[in-house]
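Chain letters run A, B, ... following the sequence lines, proteins first, then strands; residues in each count from 1.
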Protein chains: 2
Amino acid sequence: MEITRKAPLGRPRGFDADEALERAMMVFWEQGYEGASLTDLTHAMGITRKSMYAAFGNKEELFRKALERYTEGPAAYAARALEEPSAREVATAFLAGSVSATTRPGCPAGCLGVQGSLAAGDSGRAAQDALITWRDDGRARLRHRFQQAVDEGDLPPGANPELLARYVMTVSNGIAVQAAGGATRSELQQVADAALRNWPPV
Amino acid sequence: MEITRKAPLGRPRGFDADEALERAMMVFWEQGYEGASLTDLTHAMGITRKSMYAAFGNKEELFRKALERYTEGPAAYAARALEEPSAREVATAFLAGSVSATTRPGCPAGCLGVQGSLAAGDSGRAAQDALITWRDDGRARLRHRFQQAVDEGDLPPGANPELLARYVMTVSNGIAVQAAGGATRSELQQVADAALRNWPPV
DNA sequence: TTAATTCTGCACCGATCGGTATCTAAGTTT
DNA sequence: AAACTTAGATACCGATCGGTGCAGAATTAA
């Protein structure tokens with residue numbers, strides 16, 4: 001025992017799995033789950049189909065892993081926003097993060113969590129469900145944070161954390177759609193500012 | 001000359017083209033452009049591929065016609081909202097219409113103009129562009145209406161019709177995404193109310 | 001060296017994609 | 001009834017879909 005495995009058995013893979021996943025994420029982000037073919041994906045990843053299947057399982061699992069990477073990368077603003085000291089700052093940071101993430105130069109316009117699979121045929125149902133869960137999860141975290149703000153007296157006792165979370169999430173999703181249609185960063189930041197001009201919107 | 005064509009030559013079609021288009025619209029609405037296969041579409045329409053091609057051209061034109069029908073049907077709330085007497089009522093009616101159209105029982109959840117083709121591969125680019133144009137058009141109509149409100153003194157002189165239109169459209173798009181994720185009508189109406197609690201959001 | 005293991009590259013699988021050719025049946029005009 | 005035009009059904013087209021089988025190359029352990 002205690003044999004420290006210095007290197008895995010067999011021929012080592014000839015590509016960087018992290019970078020390949022990053023490339024796959026970009027393709028899904030731009031073309032959506034169903035719109036991204038294995039040919040598109042593997043060409044962007046710089047590997048063959050066989051290598052992709054060996055490293056990631058199948059298209060569906062590749063999408064799930066790309067979504068995880070998206071959460072920890074371009075969408076990390078969401079987790080950071082939750083750590084802001086007040087509900088107002090949480091909402092402000094969340095929307096500002098949405099704006100910058102959906103209009104980042106060098107990345108596809110919009111949000112992978114929205115346009116990855118908003119409507120789908122049979123083959124895309126699993127991805128569609130995964131994204132619904134993903135958005136629900138983000139909304140739940142906002143709700144908890146706003147509930148905490150109510151408990152702390154940061155928000156008035158009558159404030160509705162459920163509604164506030166859905167409100168912020170709705171504006172964020174709308175920003176993503178607008179960005180996918182070509183709206184610029186400054187245009188969307190103005191919208192975000194307008195959405196938070198009276199906060200909380202009781 | 002002056003021969004009044006009483007009936008078109010040849011065998012008359014054995015199906016109602018309007019109803020077939022309605023069915024196709026529902027399939028595109030639910031599955032998106034790329035997610036809806038010709039098999040899905042023609043089965044729902046109750047006709048054969050050949051009849052579909054003869055009556056509508058091809059899949060892309062079928063989608064465009066389905067989008068027109070959507071505009072005049074489920075999305076007719078938009079045109080009606082523009083006729084409201086004040087900017088506030090326009091925005092209120094527009095968002096209320098969004099809520100009810102995206103959560104209508106018996107129809108797919110969400111908005112065809114958003115989820116029909118938000119992200120797409122090569123084969124869906126044309127549909128994607130058509131929807132971007134469609135949403136831009138709706139936003140332009142809102143902008144003109146709000147400009148009119150400024151001209152009439154209904155909105156203060158400093159109001160920004162461009163921003164107001166984008167704000168309303170953003171919330172509407174967000175409502176569509178939320179609806180696609182299963183949000184209920186009353187939940188979304190609360191969001192719409194919150195978004196208009198201070199209007200205009202200057 | 002040898003055996004075991006795993007990655008790569010290529011060809012290939014059946015299924016489905018959007019779109020069409022063909023044939024027959026059905027209707028209209030003359 | 002003849003001539004003409006179109007609807008409907010079926011089978012089919014080449015291309016692409018997601019996914020694999022297989023042979024060979026590369027590496028580790030013995």
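A heavy-atom distance below 4.0 Å to DNA chain C is reached by none of the residues of residues 115-123 of chain B. Against DNA chain C, the stretch residues 23-51 of chain A makes heavy-atom approaches under 4.0 Å through A/Thr48, A/Lys50, A/Ser51.
The residues A/Arg141 and A/Asp137 are annotated as salt-bridged, a charged nitrogen and a carboxylate oxygen being separated by less than 4.0 angstrom. The pair B/Arg145-B/Glu83 does not meet the salt-bridge criterion, since no charged nitrogen lies less than 4.0 angstrom from a carboxylate oxygen. Electrostatic pairing of A/Arg64 and A/Glu68 does not count as a salt bridge here, judged by no charged N lying under 4.0 Å from a carboxylate O.
For the pair A/Ala192 and A/Leu95, the tightest heavy-atom approach, listed with the atom from each and the gap, is CB-CB, 3.9 Å.
One can place CE of A/Met52 at 13 Å from P of D/dC17, the figure rounded to the nearest angstrom. Rounding to whole angstrom units, CG of residue B/Asp16 and P of D/dG8 are separated by 12 Å. Rounding to whole angstrom units, NZ of residue A/Lys59 and C1' of C/dT16 are separated by 13 Å.
A/Phe63 pairs in a side-chain contact (heavy atoms from CB on, under 4.5 Å) with only one of the listed residues (A/Asn58, A/Leu41, A/Leu112), which is A/Leu112. Here the options are B/Leu38, B/Leu62, B/Thr42, the test is side-chain contact (heavy atoms from CB on, under 4.5 Å), and the partner is B/Tyr53; only B/Leu38 passes.
The side-chain heavy atoms of A/Leu142 and A/Arg166, taken from C-beta on, include no pair separated by under 4.5 Å.
Aromatic ring centroids of A/Trp199 and A/Phe146 lie under 6.0 Å apart.
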Protein and nucleotides 1-6 of chain C: nitrogen or oxygen contacts under 3.5 angstrom:
{"from": "C/dT6", "atom 1": "O2", "to": "A/Arg11", "atom 2": "N", "distance (Å)": "3.4"}

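For A/Glu34 (side chain) and A/Gly121 (main-chain N/O), a donor-acceptor pair under 3.5 Å exists by modelled atom type. Without hydrogens or angle criteria, B/Gln31 side chain to A/Ala120 main chain gives no donor-acceptor distance under 3.5 Å.
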